[in-house]
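Structure in structure tokens, see below.
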Protein chains: 2
Amino acid sequence: MSTPTIRDVAERAGVSKSLVSLVLRGSAGVRPQKREAVLAAVEALGYRPNAAARSLSERRTHTVGVLLNDLRNPWFVELLDGLNGLLYDSGMHVLLADGHLNRRLGEDLTRTFTELRVDGLIAVGTLQDPEALRTAAGRIPTVVAGAREPVLPGVDIVANDDERGARLATEHLIGLGHRHIAHIAGQGAVGELRRRSFEATMREHGLADTAVVEQGDLTEEGGYRAAVRLLSRPQRPTAVFAVNDMTCVGALSAAEESGLRVPRDLSLVGYDNTYVSRLRHLWLTTVDNAGHDVGRRAAQRLLDRIDEPDRPAEVDLATPSLEARGTTAPPRTAT
Amino acid sequence: MSTPTIRDVAERAGVSKSLVSLVLRGSAGVRPQKREAVLAAVEALGYRPNAAARSLSERRTHTVGVLLNDLRNPWFVELLDGLNGLLYDSGMHVLLADGHLNRRLGEDLTRTFTELRVDGLIAVGTLQDPEALRTAAGRIPTVVAGAREPVLPGVDIVANDDERGARLATEHLIGLGHRHIAHIAGQGAVGELRRRSFEATMREHGLADTAVVEQGDLTEEGGYRAAVRLLSRPQRPTAVFAVNDMTCVGALSAAEESGLRVPRDLSLVGYDNTYVSRLRHLWLTTVDNAGHDVGRRAAQRLLDRIDEPDRPAEVDLATPSLEARGTTAPPRTAT
DNA sequence: GCCCTTCTTTGGACCGTTCCAGAACTTGCG
DNA sequence: CGCAAGTTCTGGAACGGTCCAAAGAAGGGC
């Protein structure tokens with residue numbers, strides 16, 4: 001016979017299926033003797049509840065779907081960690097789906113998750129298809145984590161405070177004595193925020209006219225190319241703040257390639273504190289984006305929203321911190 | 001009213017729910033006129049089938065569960081990519097769950113997947129809890145991908161040919177003229193295979209007595225420490241084959257720290273061809289573990305096993321290839 | 001116009017749970 | 001001992017689909 005059902009258990013334990021259900025869900029008013037008989041039968045038959053049947057009648061799945069944009073980006077692992085902890089404690093399971101892998105296939109993951117009737121949805125990072133998220137968010141409590149867009153009605157946003165993080169990085173460099181500081185920017189809302197904050201901070205310190213911005217694309221290659229452009233300028237910057245760690249690694253290659261020693265001749269700061277930045281061979285000074293905290297907060301927000309779907313959408317920012325490592329130092333000829 | 005059901009669609013289209021079901025599953029014998037009426041109603045109501053209800057009556061979920069050991073390991077992203085493509089083409093959805101994240105929580109993911117009644121299970125990489133996999137594999141068609149263990153009855157194993165990959169790496173170094181070659185080993189079945197093959201290859205080339213093995217632990221830190229030990233030997237090796245890329249990066253740091261230039265003074269080969277090895281600042285020579293191919297084969301094997309659960313378990317090895325990049329060169333004083 | 005065959009469509013059972021109303025026991029107490 | 005008030009337990013109706021046997025409609029041939 002195939003997989004046992006609750007009826008098989010009931011029969012074996014000599015009780016009704018309802019009682020079995022009560023025992024399994026830990027109801028109080030069950031005589032110990034019967035409870036044990038049921039548990040013994042469960043054990044003997046190797047019974048496992050059928051999640052589909054359960055969710056069909058309970059009308060909830062105790063499952064949240066996490067949409068990732070690209071598993072190759074390492075920074076959200078921390079975030080998932082924070083997410084998972086809190087959700088698990090409230091009896092939720094987490095299912096992951098990677099948009100990047102599935103995009104080519106034309107599969108719409110929000111659709112998959114809606115069909116599964118997940119209780120909630122967390123979009124991690126900037127997604128490829130904001131429109132799909134909009135329709136999904138209309139039916140399922142949704143939170144965006146680790147990104148600042150899309151802004152949708154009824155969708156909370158949890159991220160680190162990019163404005164503040166960029167300020168930390170810039171002021172770190174200024175504090176070391178740098179005056180000619182460049183920024184390699186990235187696209188999207190996050191890129192925009194970090195760039196603006198870099199510019200604002202430079203301005204506040206009276207360094208507006210030595211601030212330079214080159215455009216990158218959040219990849220190593222883009223960082224490399226932007227850095228090559230920066231370093232060939234007549235007035236070469238003594239420090240670079242890169243929009244993320246990957247960009248920073250690209251800049252690092254460009255620097256060494258043109259004979260500059262880091263940090264002696266050029267200081268570099270990344271963003272995200274990914275494990276790439278922690279490789280001792282790179283050892284990038286970077287901004288920690290508080291991923292774990294962002295994850296936890298996103299989970300909390302989602303749970304709140306599941307309880308109360310109509311609460312107004314909020315933006316919740318975690319505080320980033322500077323992680324000073326090996327790629328920053330005072331400029332060689334400090335003023 | 002809450003989410004529409006198939007009955008709502010039927011009512012709106014003026015047909016029976018059975019007809020709606022036929023249309024949705026693409027049955028041939030439905031008059032075009034009715035088909036369109038149904039589709040229009042679906043559209044108008046924003047109807048989405050309920051996966052739980054469907055799988056309850058269909059008795060299959062069209063879903064396979066993928067167990068990862070640690071999202072932080074980048075090498076299996078390629079594998080997932082190969083996996084996803086094939087599975088999606090056969091109408092399967094892929095759900096990911098990360099064991100590392102959930103381990104601390106004590107959650108047993110195989111259990112979650114059993115309750116979800118996934119049609120199949122793919123264990124990617126070496127898992128933390130082989131025992132749990134054994135019981136799960138007893139009920140669900142299962143394939144192990146990217147690892148060589150656990151060996152379980154009825155569970156296929158798909159991986160790259162580690163023996164061959166290690167041979168490629170070792171022969172690459174020997175071919176460059178190296179005679180004093182060391183290996184930094186890793187634990188587990190994979191580590192064992194690579195080490196054995198390194199030793200065998202050295203022996204075949206009459207280099208058994210200059211072959212050295214230091215134990216690492218697959219992490220950067222372990223690689224660093226093993227390399228420090230290797231480089232402080234009286235007879236310092238001129239080349240190191242590391243069990244994986246992370247270990248190799250650690251060795252790279254140790255080399256540069258002790259004033260050696262790579263590849264001039266020391267050649268290094270990694271394994272896995274992760275994106276870390278592709279960072280232009282590291283640019284490791286490495287062995288490509290054919291992740292995409294492994295993923296595709298694993299998917300195929302799983303589909304076969306779903307069709308025919310009792311077929312004997314097989315081991316299926318994909319062919320790795322050498323990716324020669326910047327960390328290998330002939331030894332300075334070639335013989 | 002009638003009967004037979006071939007297409008279409010439909011009602012109802014079933015998948016494995018939960019949940020609720022009420023049945024069947026226990027107790028406590030007058 | 002009888003009865004009210006708890007406790008425990010149980011049958012049956014959902015939940016939202018699929019699938020099958022059979023009903024109904026549409027043609028075709030005489």
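What you see below is based on every heavy atom in this structure, not just the backbone, and it leaves out hydrogens, waters and symmetry mates. We name chains A, B, ... by the order of the sequence lines, and we start the count at 1 in each one.
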- Message: Output the rounded distance in Å from CG (A:Leu19) to P (D:dG12).
- Response: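 After rounding, the gap between these two atoms is 16 Å.
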
- Between A:Ser21 and C:dT18, is there a side-chain N or O to OP1/OP2 distance below 4.0 Å?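 Answer is yes, contact under 4.0 Å.
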
- Query: Counting only heavy atoms not in A:Glu11, do more than 12 fall under 6.0 Å of its CD?
  - Reply: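 Open.
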
- Mind calculating the distance between CD (A:Gln33) and C1' (D:dT7) to the nearest angstrom?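 These atoms are roughly 15 Å apart.
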
- Task: Remember a base hit wins even if backbone is also touched, and classify B:Arg7 as base, sugar-phosphate or nothing at under 4.0 Å, heavy atoms.
- Result: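 Base, at least one base heavy atom under 4.0 Å.
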
- Between P of D:dG16 and CD of B:Glu11, the distance in whole Å: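 Taking CD of B:Glu11 and P of D:dG16, I get 14 Å after rounding.
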
- Message: For a quick check, tell me whether the side chain of B:Ser18 and the base of D:dC19 share a donor-acceptor pair closer than 3.5 Å.
- Response: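 Side chain to base: pair present.
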
- Could A:Arg296 and A:Asp293 be called an ion pair, given the rule that one side-chain N must be under 4.0 Å from one carboxylate O?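 Counted as a salt bridge, because a side-chain N and a carboxylate O are separated by less than 4.0 Å.
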
- Message: Over all strands shown, is B:Lys17 touching base, sugar-phosphate only, or nothing at heavy-atom distances under 4.0 angstrom?
- Response: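 Base, at least one base atom sits under 4.0 Å.
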
- Task: Would you check if there is a donor-acceptor pair between the side chains of B:Asp272 and B:Thr274 at a distance under 3.5 Å?
- Result: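 Per modelled atom types, B:Thr274 and B:Asp272 side chains form no pair under 3.5 Å.
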
- Query: Mapping B:Leu56 and B:Val30 onto DNA chain C by nearest heavy atom, which one lands closer to the 5' end?
  - Reply: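 Going by which nucleotide is closer to the 5' end, it is B:Val30.
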
- Find the distance A:Leu116:CG to D:dG17:C1' and express it as a whole number of Å.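 For the pair A:Leu116 CG and D:dG17 C1', the rounded distance is 14 Å.
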
- With a non-hydrogen cut-off below 4.0 angstrom, is A:Arg48 in contact with a base, only sugar-phosphate, or nothing?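 Sugar-phosphate only.
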
- Task: For the residue pair A:Thr61 and A:Asp119, confirm or rule out a side-chain donor-acceptor distance under 3.5 Å.
- Result: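 Yes, a side-chain donor-acceptor pair sits under 3.5 Å.
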
- Query: Side chain of A:Arg31: nearest nucleotide among D:dT10, C:dG16, D:dC9?
  - Reply: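 Minimum distance to the A:Arg31 side chain belongs to D:dC9.
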
- Message: Whole angstroms only, please: what is the CG-P distance between A:Leu22 and D:dG11?
- Response: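 Roughly 13 Å, once rounded to whole Å.
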
- Let me know, please, whether B:Ser57 or A:Glu58 comes out on the 5' side of the other along DNA chain C by nearest nucleotide.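 By nearest-heavy-atom nucleotide position, the 5'-most residue is B:Ser57.
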
- Task: Could you state the atom-to-atom distance from CG of B:Asn50 to P of C:dG16 in whole Å?
- Result: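 One finds 16 Å between P of C:dG16 and CG of B:Asn50, rounded.
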
- Task: Using whole Å, report how far CZ of A:Arg25 lies from C1' of C:dT17.
- Result: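 Result: 9 Å.
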
- Message: Can you measure B:Arg60 atom CZ to D:dG17 atom C1' for me and round it to whole angstrom units?
- Response: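 After rounding, the reported distance stands at 16 Å.
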
- Message: Of the listed nucleotides (C:dT10, C:dC15, C:dT17), which one gets closest to any side-chain atom of B:Arg59?
- Response: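 Of all the options, the side chain of B:Arg59 is nearest to C:dC15.
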
- Message: Surrounding CZ of B:Arg60 (heavy atoms of other residues, nucleotides or ligands, distance under 6.0 Å), is the total greater than 12?
- Response: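 Yes.
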
